[in-house]
Amino acid sequence: MIKSSIYGLTLEQLRDWLPEHGQKKSRASRIWEWLYQERVHDFTEMTDVRQECLDVISEHFTMNSLSEHVKQESADGTVKFLLRMQDGNLIETVLMRQKYGLTVCVTTQVGCNIGCSFCASGLIKKSRDLSGGEIVEQIMHVQQYLDAAGQGERVTNVVVMGIGEPFDNFQNMTDFIEVIKHRKGLALAAKRITVSTSGLPDKIKEFADSNLQVNLAISLHAPNNELRTHIMKINRAFPIEQLMDAVDYYLATTNKRIMFEYILLRDVNDQREHAAELAELLSSRKSMVSINLIPYNPVDEHSQYQRSTEESILGFYDTLKKNNINATVRMEHGTDIDAACGQLRSKQMKNNATESQPGRLALG
């Protein structure tokens, strides 16, 4: 029987759940301490919680809904985990070492339906959403990996930028944020959490109203509808005008900055004229936005796209800066392993399909 992950319950949800199953509400705080401060691996390690309570919890929940299938470690300290869920599906989680701390990138869906034409994540269509517990457990898996190394390191930053569209799994994603922000949970500061969306206007507005106080990033990748529709099919449903209307609502409601992500594709969207058009699009909002320029990690299945030249990257950046648009070029991580989001999962699934063909040895 597949059990739900205990990490999917917010503290208030656990406080409500316990009395419904004959247990004292007051035990919830201690159980959370065991989960997030002590970071135990099994319910049996919660030594000061009554056995009756542990029996009831373990009957309904698991602490181990994810298992490590593959782990890749880069020379720069990046670690990419391919995790297997209870139903056999695979997801990716990435640990990145940065000058300001340890960042974990989490996945929110099995596959992706957004259909960005350059992206490895969308090679396999969405089959389901992850539960809130499965998202939280990605952080716990990485933190327990760090604990085992014995260096006293902690996850300090979280980006919701892995496989899937977070706003297409809105409730589970927001429950996840509540858990990792909570002072009795992982106690991560809201300013150290960033959610990235491909641009669902209604959900951007709902996110603004949620008052979660975390950061928002929007995958833009083009300065006009024609080019963005060519790169991202979601633009057919939600053109740039609708997206910018939601952006303005978010800025007015939250008074928080937005980061736009822009993947540079050689001779597609990386010319100075594209940068000038992007600067014009954002000119009225430039005090509240920044652009994160991302050098493209080539994907075998998307051979029509290539990495921009260094000259094009610098020219694009220079044009934005001359137009007073705040911009940075993303520092790359894990370039000696399967760097692109979804690449390791896609490769593993292709390998599994090949190995299971008649006449071939299946390696499991």
Side-chain angles (χ1 to χ4, degrees), residues 8 10 13 91 105-119 121-122 125-136 138-139 158-181 188 190-222 225 228-229 231-263 281-282 285 288-292 294 341-342:
T10 66
Q13 288 169 345
I91 58 170
C105 178
V106 299
T107 284
T108 55
Q109 295 180 315
V110 180
C112 183
N113 283 342
I114 297 302
C116 299
S117 61
F118 54 81
C119 183
S121 295
K125 297 304 179 186
K126 172 189 165 183
S127 59
R128 72 171 177 88
D129 292 329
L130 267 64
S131 69
E134 289 169 328
I135 308 174
V136 174
Q138 294 172 64
I139 305 291
V158 169
V159 292
V160 188
M161 297 182 179
I163 298 169
E165 166 52 63
F167 282 1
D168 191 33
N169 188 13
F170 194 86
Q171 188 59 56
N172 290 336
M173 183 269 295
T174 54
D175 283 350
F176 155 76
I177 290 172
E178 293 287 3
V179 169
I180 65 173
K181 279 176 52 184
L188 285 168
K191 65 182 181 181
R192 292 184 174 271
I193 303 169
T194 300
V195 178
S196 175
T197 176
S198 58
L200 307 183
D202 289 347
K203 291 300 182 182
I204 291 172
K205 293 177 180 180
E206 187 176 350
F207 190 67
D209 292 335
S210 69
N211 198 35
L212 286 170
Q213 297 296 311
V214 302
N215 303 310
L216 176 64
I218 297 176
S219 295
L220 187 58
H221 306 319
N225 281 320
R228 193 167 190 260
T229 299
I231 296 172
M232 304 173 69
K233 70 178 184 182
I234 191 174
N235 200 71
R236 298 172 193 162
F238 306 113
I240 286 177
E241 293 80 8
Q242 288 186 35
L243 177 58
M244 289 302 150
D245 176 69
V247 164
D248 291 338
Y249 181 88
Y250 178 89
L251 294 175
T253 302
T254 68
N255 198 35
K256 288 179 64 65
R257 296 176 64 85
I258 289 178
M259 179 176 70
F260 288 97
E261 298 165 306
Y262 195 104
I263 286 182
L281 175 67
L282 300 177
R285 310 166 178 92
M288 294 295 289
V289 303
S290 61
I291 308 293
N292 189 14
I294 306 170
C341 181

ring-ring contact (aromatic ring centres under 6.0 Å, His included) evaluation trace for Phe118 with His221: CA-CA 11 Å; Phe118 54 81; His221 306 319; 5.1 Å; yes
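- Rounding to the nearest 0.5 Å gives a distance of 9.5 Å between CG of Asn211 and OG1 of Thr254.
- A donor-acceptor pair shorter than 3.5 Å cannot be found between the side chains of Asp168 and Asn113.
- At a threshold of 4.5 Å between non-hydrogen side-chain atoms, the residues Phe207 and Val195 count as touching.
- A donor-acceptor pair is defined here as one N or O able to donate and one able to accept, closer than 3.5 Å; no such pair exists between the side chain of Asn292 and the backbone of Met259.
- Judged by distance alone, the side chains of Thr108 and Glu165 never bring a donor and an acceptor atom under 3.5 Å apart.
- Test Val106, Asn215, Thr107, Val214 against Val160 for side-chain contact (heavy atoms from CB on, under 4.5 Å) and you get one pass: Val106.
- With no hydrogens or angles considered, no side-chain donor-acceptor pair links Glu178 and Thr10 at under 3.5 Å.
- Checking side-chain atoms of Arg257 against main-chain N and O of Val289 turns up a donor-acceptor pair under 3.5 Å.
- With values rounded to the nearest 0.5 angstrom, Lys256 atom NZ is found 10.5 Å from Leu212 atom CG.
- Here the closest non-hydrogen pair linking Leu130 and Asn169 is O-ND2, 2.9 Å.
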side-chain contact (heavy atoms from CB on, under 4.5 Å) between Phe260 and Leu282, intermediate numbers included: CA-CA 10 Å; Phe260 288 97; Leu282 300 177; 3.8 Å; yes
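- Between Asp245 and Lys205, at least one side-chain nitrogen of the basic residue sits less than 4.0 Å from a carboxylate oxygen of the acidic one, meeting the salt-bridge criterion.
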Check against side-chain hydrogen bond (donor to acceptor under 3.5 Å, both in side chains), Asn172 and Asp129: CA-CA 8 Å; Asn172 290 336; Asp129 292 329; 5.3 Å; no
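- In this structure, Lys203 NZ and Ser210 OG are separated by 11.0 Å, a value rounded to the nearest 0.5 Å.
- Closest heavy-atom contact between Ser196 and Met161: CB-CG, 3.4 Å.
- Counting heavy atoms from C-beta on, the side chains of Lys233 and Ser117 never come closer than 4.5 Å.
- Residues Lys125 and Cys112 fail the side-chain proximity criterion, which asks for heavy atoms closer than 4.5 Å.
- Ion pairing between a basic and an acidic side chain is recognised when a charged N comes within 4.0 Å of a carboxylate O; Arg128 and Glu134 show such pairing.
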